[in-house]
Amino acid sequence: MTGSDSSSSPVAQAPRQTAPPEVGLAELFLLFSQLGLSSFGGAVSAWMHRAFVEQRGWLGETEFAAALALSRIMPGANVANLAILIGQKLRRWPGAVVAVLGLLTGPSLVVIGLAVLYRHYAGNPVIDAALEGAAAAGVGLLLAMGVRSGSAVVGRGPLAGRRAVYVIGAVVILLATFVLIGVARVPTVAAVGVLAPLSIALAYLTGTGPPADEP
Amino acid sequence: MNDDGKIIALILVFAPLSLVSIGGGPAILAEMQHQAVTVQGWMTQREFADLFAIARAAPGPGMLLVTLIGWHVAGWLGVVAVSLAFFLPSSLLVLAVAQVWTRWRGTRLHGAIEAGFAPLAVGLVFAGGLAILATGQTGALAWGVALAVTAARIWRPKLQPLILLALGAALFALVRAVGW
């Protein structure tokens, strides 16, 4: 990088370079295990912010914000992505491995334990009914999330000019995704492979940034 | 199918899905259901919906349905295989992109990628919900509960997911117990 590179903002050029205190891998594993197991229904990233930025000061605000933004854009479970990026920052690739293992191992064991119980009791009509009800409610949670993100895509404010083009195009892409994958059962990889470039091009050409309504 | 075949099938199904799970696990729910129930015949629709419910009720990063499918199909080896297949590709990708990320961040392309993925993620979530519900077996009650929970969460975003899951479970159990 040369001295004439003036494109980056001052914030990006001055990340908190105070190297974090040597964090033990075992400590990292335990910390991520705790975060994974105590996270019911989301908000894990908020807990990670508290643990790594506020309480321990191992990461600067800018570093954390950059990692959070990246983990949301990239495919994969957002929380796992964030854990990997934080682990990598603290202890290189062993840190990344330990972070994601810590995050996933505990919850995986819990959920497998629940599944063992399920196998034991499957066939009991009341248990079966209860699970069916929980699945229906689980779909409701999912749909609520979809409605919230969907309204963030549409946004508020007058539908005019470039914004109108983007919003109409985005709604078409949203519906096309739903119909192709949910109704016509087109393979997800193929449908996303076609629709994602179109959707990104639409956002790029209309100069649209990310939806503002992120939690 | 022997066990080796099952492990390979798990990997072949989940590794590509890793790279299209935009916004996380819910994005590939529809495809997981299609593969597990229709294409691979790993389980019935009922079992898939049950595992979905169990995964929703557990703590953690929300991708545990993947783990459960691996476990259901091939035990502990299945868990390891499916976890590697699902988490490794996206993890390597995010680490690679992180190397160039600081130069990207704040550019028009970055904003466009984030904005461009948003409608896809929403469409995928709705497709996933439909894949659980619209299978002929679940009746009007399931749709009613799903829509009621949707409305409740939109109306009161702070309502605890676990409480809503428990209410749905209790309602169904009650209806079954009185022999509807």
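Sequence lines set the chain letters: A, B, ... in the order given, protein chains first and strands last, and positions in each chain run from 1.
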Quick one: CD on B:Glu47 to CZ on A:Arg119, what's the gap to the nearest 0.5 Å? 8.0 Å

Contact leader toward chain B among A:Leu103, A:Val100, A:Ile173, A:Leu131, where contacts are heavy-atom pairs under 4.5 Å: A:Leu131

If one checks every heavy atom of A:Pro197 against chain B at 4.5 Å, the contacting part turns out to be neither

Expected output: side-chain B:Arg56 to main-chain A:Val139 donor-acceptor under 3.5 Å: no

Starting at CG of B:Leu124, measure out to CG of A:Leu174 and round the result to the nearest 0.5 Å. 9.0 Å

Under a 4.5 Å heavy-atom cutoff, which of B:Leu120, B:Ile154, B:Val145 has the most pairs with chain A? B:Leu120

With chain B, the option among A:Thr208, A:Val79, A:Val153, A:Ile73 that has the most non-hydrogen atom pairs under 4.5 Å is A:Ile73

Which residue out of B:Ile22, B:Leu64, B:Val39, B:Leu17 racks up the most heavy-atom pairs below 4.5 Å with chain A? B:Leu64

Are more than 12 heavy atoms, taken from residues, nucleotides or ligands other than A:Arg50, located less than 6.0 Å from that residue's CZ atom? no

Chain B shares the most heavy-atom pairs under 4.5 Å, among A:Ala201, A:Gly193, A:Ala134, A:Gly207, with A:Ala134

From A:Leu114 atom CG to B:Asp50 atom CG, the distance as rounded to the nearest 0.5 Å: 12.5 Å

Output the distance between atom OG1 (A:Thr188) and atom NE2 (B:His34), rounded to the nearest 0.5 Å. 9.0 Å

Proximity breakdown for A:Leu82 and chain B, heavy-atom pairs closer than 4.5 Å: neither

If you take all heavy atoms of A:Met145 and B:Pro26, which pair is closest and at what distance? CE-CG, 3.8 Å

How close do B:Ala98 and A:Leu85 get, counting heavy atoms only, and between which atoms? CB-CD2, 3.6 Å

A:Asp128 backbone acceptor or donor facing B:Arg176 side chain under 3.5 Å: no

Is A:Ala69 in contact with chain B via its backbone, its side chain, both, or neither, using a 4.5 Å heavy-atom distance? both

Would you check if B:Ile113 and A:Tyr204 make a side-chain contact, meaning some heavy-atom pair closer than 4.5 Å? no

B:Leu167, part contacting chain A, at a heavy-atom distance under 4.5 Å: neither

Restricting to non-hydrogen atoms, name the atom on B:Pro59 and the atom on A:Val110 that form the minimum distance, rounded to 0.1 Å. CD-CG1, 3.8 Å

Before you tell me yes or no, could you show the steps for B:Leu95 and A:Trp93 under side chain to side chain contact (heavy atoms under 4.5 Å, CB included), namely the whole-Å CA-CA distance, both residues' side-chain angles and the distance that decides it to 0.1 Å? CA-CA 9 Å; B:Leu95 282 174; A:Trp93 69 265; 5.8 Å; no

Quick one: what part of B:Val79 sits under 4.5 Å from any heavy atom of chain A, side chain, backbone, both or neither? side chain

Quick one: what part of A:Ala65 sits under 4.5 Å from any heavy atom of chain B, side chain, backbone, both or neither? both

With rounding to the nearest 0.5 angstrom, report the CD1 to CG distance, B:Ile132 to A:Leu143. 10.5 Å

Heavy-atom pair with the smallest gap, counting every atom of A:Met74 and B:Val97: CE-CG2, 3.5 Å

Considering only heavy atoms and a distance below 4.5 Å, find which of B:Val20, B:Thr150, B:Ile54, B:Val149 pairs most often with chain A. B:Thr150

Hey, mind stepping through A:Leu141 and B:Leu165 against side chain to side chain contact (heavy atoms under 4.5 Å, CB included) and telling me if it holds? CA-CA 9 Å; A:Leu141 296 175; B:Leu165 291 178; 4.0 Å; yes

Do A:Phe178 and B:Val125 have side-chain heavy atoms sitting under 4.5 Å apart? no

Using a cut-off of under 4.5 Å on heavy-atom pairs, state which of B:Ser21, B:Ala121, B:Ala152, B:Pro16 scores highest against chain A. B:Ser21

Contact leader toward chain B among A:Ala96, A:Ala129, A:Ala203, A:Ala83, where contacts are heavy-atom pairs under 4.5 Å: A:Ala129

Less than 4.5 Å apart, any side-chain heavy atom of A:Ile84 and any of B:Phe87? no

Closest heavy-atom pair, B:Val122 versus A:Ser149, reported as atoms and distance to 0.1 Å, is CG2-CB, 3.6 Å

Smallest heavy-atom separation, A:Tyr166 atom then B:Pro119 atom, equals OH-CD, 4.0 Å

If you define the side chain from C-beta out and look only at heavy atoms, does anything of B:Leu93 sit under 4.5 Å from A:Pro75? yes

Distance from A:Ile181 atom CD1 to B:Leu130 atom CG, nearest 0.5 Å? 12.0 Å

Let me know if A:Leu175 has heavy atoms under 4.5 Å from chain B in its side chain, its backbone, both or neither. neither

For A:Leu142 and B:Leu29: C-alpha separation, side-chain torsions, deciding distance, then whether side chain to side chain contact (heavy atoms under 4.5 Å, CB included) applies. CA-CA 10 Å; A:Leu142 214 58; B:Leu29 189 57; 3.4 Å; yes

Heaviest contributor of heavy-atom pairs below 4.5 Å to chain B, chosen from A:Gly138, A:Ala130, A:Ala67, A:Ala196, is A:Ala130

Residues passing the side chain to side chain contact (heavy atoms under 4.5 Å, CB included) test with A:Ala135, sequence neighbours excluded, are B:Ala49, B:Phe52, B:Ala53

Region of A:Val179 that comes under 4.5 Å of a non-hydrogen atom in chain B: neither

Tell me, side chain or backbone of B:Ala170 under 4.5 Å from chain A's heavy atoms, or both, or neither? neither

Counting only non-hydrogen atoms closer than 4.5 Å, can you tell me which residues of residues 65-78 of chain B sit against chain A? B:Thr67, B:Leu68, B:Trp71, B:His72, B:Trp76

Chain B: which of A:Gly182, A:Gly133, A:Pro125 shares the most heavy-atom pairs with it under 4.5 Å? A:Gly133

For A:Val116, which atoms come within 4.5 Å of any heavy atom of chain B: side chain, backbone, both, or neither? both

